[in-house]
*Asks:* 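Following this message is one structure expressed as structure tokens.
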Amino acid sequence: MTQNLSKIRNIGITAHIDAGKTTLTERILFYTRKIHRIGEVDDGSATMDYMPQEQERGITITSAATTFTYRNHEIHLIDTPGHVDFTIEVERCLRVLDGVVAVICAVGGVEPQTETVWHQAERYRVPRIAFVNKLDRIGANFPRAVSMMREKLGANPVPIQIPIFAGEAFLAVIDLIRMQSIVWDASDQGQTYEYGDIPADYLEEARSARRTMLESVAEMDEELLELYLDHDDLDEAQIRKGLRMGTINNRLVPVLCGSALKNQGVQPVIDAVVDYLPSPLEVPPVMGINPETGEKEIREPKIKAPLCAFAFKVIMDQGRKATYLRVYSGELHAESETFNATRAIKERVARLFLMHANKREKIKSAPAGSIALAVGLKEARTGDTLTDPAAPVVLESLAAYVPVISIAIEPKTRGDQEKLMDCLDKLTTEDPTFTYSENEDTGQMLISGMGELHLEIIIDRLKREHNLEVVTGKPQVVYKESIQSQARATVRFDREIHDVRHVGEVTLDVTPAARGEGISFRPGLVVTDMPEDVIQYVEQGAREAMLAGPLAGNEVADVLVTLVGLGENWESMTGLGLKVAASQACKEACEKAAPVLLEPFMRIEVIVPEESMGEVIADLNARKGRLEGVTPRGKTAVLRAVAPLATMFGYSTALRSLSQGRGIFTMQYSHYDAKT
């Protein structure tokens, strides 16, 4: 592994499902000599889609990492899923990446999951370049795709290439920096390509597009702007300098184009990764909290510095746990002891590997700026920080995702009950969006996830990887509860437990909060010399009460709890007494406050032929959906709606029937609201 951090690129490939991410990744690996033959998604031979479930379905389910060299640069690449059920895979990869290649379909343009992953990248301020793919498809429209980036994503797209067509056939691209055409040789799978003159009928369009590009580039720097105003042009080096500055500062997005499937336009994408996306030295250093002092500290990307690494993914490989790490500072060595600052425990790294999909290359150390797989970390979980024991720091963890769908599950044979629990434990270790629990009333085991496909994959993995046959029930919606009015309750608890008298008296107010705000606690009571732990015990009791609501025992959401009174002799109250009194007061107040059941609502986008639009809208209305907009797209229409998840089970079958098999849809979690 290189010690020169300026020669490292940590990048991800992201997009909506079926935009061609994995197809592009496969070509990148082929042209950089990492693989010797091109695999295809459709026949299940793509290198990065190594899971049987991925090969059968033709989709990416889990993010896969690889490392290759190009132009003397070491590039760590992660291919991420496009299906909304596996958004956590994108989230945890974006958390550790320095740059992204966003693949956009030239036919579909900016689709729902494109927006989701784009905004995830925005949250982490990850610089992006864009590749408009599938220009060989009927209906491809490059200007519309660029326009949608501006309108839907709020981006500043700057095309540095434009496509050349003969009728509807995609032929080549025009490089606006060199002002030359690039034509790929189909006979050798696009390995060779030639620069040539721009066709006469495209010359005016190319000049206009270059002028737009130059104006955008000149705005990135005062020196470039002066040069542009003086000479009305910029040379190649100046253009690349401006594009790099704009990309790294998230002020513009260079846009390239081509057809990955037809092996056209891929090599310029790899060049753009090196030319425009940042090295670890060019992104802001990570910031964390010192667990000993509580102070903020930064970790510079230096090899000669204290170790700081972030665990962004845990996998179970042949029954053994392995952890993907991004090293931010210092150097992580195999057979060394490290400190898990998140859990305040020491951990030992047994071995380190560079990954190529599911193949491993053993390495002795992983320096700052690199991504590696560590074996031997027994306690590490997704979101943990590993550091030098002498310089601990805890980095911000990952955002939590709330499962919205559950199904009942049980093993086919009673003897497999313990094995099922063990397998589910392993799966939850790998996937933070997957949970399981036992229903106390029925004794049923419930597994919960982000969607029907997510749980379908979990069940398939139980069968294939763990040789465990299970029986499943119908999908169930994960409901929550809230309140609709303000209420107050006072509870006094006084009981002897194990020869110790525990006393607590608490008065609490509960007030409805805005949707999505969760549970918040406010100590509205001011008492002189009151110890902090008194408030803490009351808050703990209130929060524990919110785990089971008064209507059906669901988790309570969107409530503000205010402590408004304690008994007269609060000095004699015990921690347990305060907790129990607060918990009971909270439950009692919620019962008085007009409790309401909340259900998850999904944001749906449906693309259907115009002739099927009326029937599809009528069906959405019947499912209690709220239509938010209809956008014509050629001979199809894009319907956007919000509907309760409970009404959307089996929608894919219904849509096929209503649209003669031509309709497609995407669905992602939107928000919780009162049950309709």
Side-chain angles (χ1 to χ4, degrees), residues 1-13 28 32 34 63-80 92-101 121 124-129 244 247-250 270 272-288 297-313 323-334 336 338 341 349 351-356 360-374 377 380 383-388 391 393 395-396:
M1 299 184 78
T2 182
Q3 300 278 313
N4 185 350
L5 269 64
S6 67
K7 296 288 187 180
I8 292 176
R9 299 290 183 271
N10 290 306
I11 66 161
I13 311 285
I28 288 173
T32 57
K34 185 69 181 181
S63 51
T66 188
T67 302
F68 58 89
T69 55
Y70 182 75
R71 284 173 43 189
N72 294 319
H73 284 68
E74 182 180 286
I75 300 175
H76 302 273
L77 180 148
I78 299 179
D79 179 30
T80 65
R92 55 187 174 186
C93 293
L94 287 173
R95 174 70 171 74
V96 299
L97 294 173
D98 300 327
V100 160
V101 179
Y124 294 118
R125 295 195 55 76
V126 182
R128 281 142 282 173
I129 60 176
R244 183 174 184 80
T247 305
I248 291 174
N249 294 323
N250 280 297
I270 321 173
V273 166
V274 172
D275 291 339
Y276 310 129
L277 291 179
S279 73
L281 296 172
E282 294 168 302
V283 295
V286 292
M287 182 177 290
E297 293 185 5
I298 62 169
R299 289 291 182 265
E300 300 278 356
K302 296 176 181 176
I303 295 172
K304 302 294 183 184
L307 172 69
C308 177
F310 184 77
F312 67 94
K313 181 175 178 176
T323 308
Y324 278 96
L325 299 167
R326 162 70 193 264
V327 183
Y328 283 105
S329 67
E331 191 165 16
L332 182 64
H333 295 273
S336 68
T338 183
V349 177
R351 288 169 292 163
L352 285 172
F353 299 92
L354 273 183
M355 295 302 293
H356 177 52
R360 299 177 175 185
E361 176 191 335
K362 196 171 181 180
I363 54 175
K364 291 182 178 179
S365 65
S370 61
I371 291 173
L373 184 78
L377 300 172
D384 285 3
T385 308
L386 301 178
T387 67
D388 186 319
V393 68
L395 303 181
E396 182 186 355

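This chain uses plain numbering: 1 for the first residue, then up along the sequence.
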*Asks:* Should E282 and R244 count as an ion pair when the cut-off is N to O under 4.0 Å?
*Replies:*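 Salt bridge present between E282 and R244.
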*Asks:* Quick one: pull up CD in E297 and OG1 in T387 and give me the separation to the nearest 0.5 Å.
*Replies:*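 Here the rounded value is 10.0 Å.
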*Asks:* Between K302 and S329, is there a side-chain heavy-atom distance shorter than 4.5 Å?
*Replies:*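 SC-SC contact between S329 and K302 ruled out.
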*Asks:* Can you tell me if K362 uses its side chain to pair, donor with acceptor, with the backbone of R351 under 3.5 Å?
*Replies:*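 Not at all, since once roles are kept as given, no pair shorter than 3.5 Å links the two residues.
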*Asks:* If the condition is salt bridge (Lys or Arg N to Asp or Glu O under 4.0 Å), which residues does R360 pass it with, not counting sequence neighbours?
*Replies:*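 R360 satisfies salt bridge (Lys or Arg N to Asp or Glu O under 4.0 Å) with D317 once adjacent residues are dropped.
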*Asks:* Please test I371 against N10 for side chain to side chain contact (heavy atoms under 4.5 Å, CB included), starting from the C-alpha separation and ending with a verdict.
*Replies:* CA-CA 8 Å; I371 291 173; N10 290 306; 3.6 Å; yes
*Asks:* Could you go through the side chain to side chain contact (heavy atoms under 4.5 Å, CB included) check for I298 and V286 one step at a time?
*Replies:* CA-CA 6 Å; I298 62 169; V286 292; over 6 Å; no
*Asks:* Between atom CG of L94 and atom OH of Y124, what is the distance when rounded to the nearest 0.5 Å?
*Replies:*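 That separation rounds to 7.5 Å.
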*Asks:* Compare every heavy atom of P278 with every heavy atom of I248, then report the nearest pair and how far apart it is.
*Replies:*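 What the structure gives for the nearest pair is CG1-CB, 3.8 Å.
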*Asks:* Do L352 and L332 come within less than 4.5 Å of each other through their side chains, counting heavy atoms only?
*Replies:*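 Yes; the side chains approach each other to less than 4.5 Å.
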*Asks:* Do L77 and F68 have side chains that approach each other closer than 4.5 Å (heavy atoms only, starting at C-beta)?
*Replies:*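 Yes; the side chains approach each other to less than 4.5 Å.
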*Asks:* Rounded to the nearest 0.5 Å, what separates atom NZ in K7 from atom NE2 in H73?
*Replies:*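 NE2 of H73 is found 4.5 Å from NZ of K7.
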*Asks:* Quick check: closest heavy atoms across I363 and A372, and the distance to 0.1 Å?
*Replies:*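 Minimum heavy-atom separation between I363 and A372: CD1-CB, 4.3 Å.
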*Asks:* Evaluate side chain to side chain contact (heavy atoms under 4.5 Å, CB included) for V126 paired with V283, printing each intermediate quantity in order.
*Replies:* CA-CA 9 Å; V126 182; V283 295; over 6 Å; no
*Asks:* So, taking the atom named CZ in R92 and the one named CZ in F310, what distance separates them when rounded to the nearest 0.5 Å?
*Replies:*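 Reported to 0.5 Å precision, the distance equals 10.5 Å.
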*Asks:* I'd like to check M355 versus Y324 (side-chain heavy atoms, cut-off strictly below 4.5 Å). Are they in contact?
*Replies:*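 When only atoms from C-beta onward are counted, Y324 and M355 do touch, with a gap below 4.5 Å.
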*Asks:* Do the charged groups of D98 and R326 touch, with an N to O distance under 4.0 Å?
*Replies:*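 Here D98 pairs with R326 in a salt bridge, since their nearest N and O are under 4.0 Å apart.
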*Asks:* Look at the side chain of T385 and the backbone N and O of L395, then say whether any donor-acceptor pair between them is shorter than 3.5 Å.
*Replies:*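 Yes, the answer is positive, given that a donor and an acceptor are paired below the 3.5 Å cut-off.
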*Asks:* For residues S279 and L5, report the shortest heavy-atom separation together with the two atoms involved.
*Replies:*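 Taking every non-hydrogen atom into account, CB-O, 3.4 Å.
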*Asks:* Write down the atom of I78, the atom of A65, and the distance for their closest heavy-atom approach.
*Replies:*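 Taking every non-hydrogen atom into account, CG1-CB, 4.1 Å.
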*Asks:* Out of curiosity, T338 OG1 to L377 CG, how far, rounded to the nearest 0.5 Å?
*Replies:*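 T338 OG1 to L377 CG: 7.5 Å, rounded to 0.5 Å.
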*Asks:* Could you walk me through whether R71 and D275 satisfy the salt bridge (charged side-chain N to carboxylate O under 4.0 Å, His left out) test, starting with their C-alpha distance in whole Å, then the side-chain angles of each, then the deciding distance to 0.1 Å, before giving a yes or no?
*Replies:* CA-CA 10 Å; R71 284 173 43 189; D275 291 339; 2.7 Å; yes
*Asks:* V349 and A374: which non-hydrogen atoms are nearest, and at how many Å?
*Replies:*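 Heavy-atom minimum between the residues: CG1-CB, 4.2 Å.
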*Asks:* Does any part of the side chain of R95, heavy atoms only, come nearer than 4.5 Å to the side chain of F312, both counted from C-beta?
*Replies:*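 When only atoms from C-beta onward are counted, R95 and F312 do not touch, as no gap falls below 4.5 Å.
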*Asks:* How long is the straight-line distance from CG of L97 back to CZ of R128, given to the nearest 0.5 Å?
*Replies:*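 Result: 12.0 Å between the selected atoms.
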*Asks:* How close do A272 and I129 get, heavy atom to heavy atom, and via which atoms?
*Replies:*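 Smallest interatomic distance, heavy atoms only, reads CB-CD1, 3.7 Å.
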*Asks:* With no hydrogens and no angle check, do the side chains of E331 and S365 hold a donor and an acceptor under 3.5 Å apart?
*Replies:*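 On atom types as modelled, these side chains qualify, holding a pair under 3.5 Å.
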*Asks:* With the side chain counted from C-beta on, respond yes when H76 and I8 share a heavy-atom pair under 4.5 Å apart, and no when they do not.
*Replies:*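 Heavy-atom side-chain distance check passes, below 4.5 Å.
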*Asks:* Do I75 and V274 have side chains that approach each other closer than 4.5 Å (heavy atoms only, starting at C-beta)?
*Replies:*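 Of all side-chain heavy-atom pairs linking V274 with I75, at least one is under 4.5 Å.
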*Asks:* Side chains of L386 and T323: closer than 4.5 Å at any heavy-atom pair?
*Replies:*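 Contact flag for L386/T323 side chains = no.
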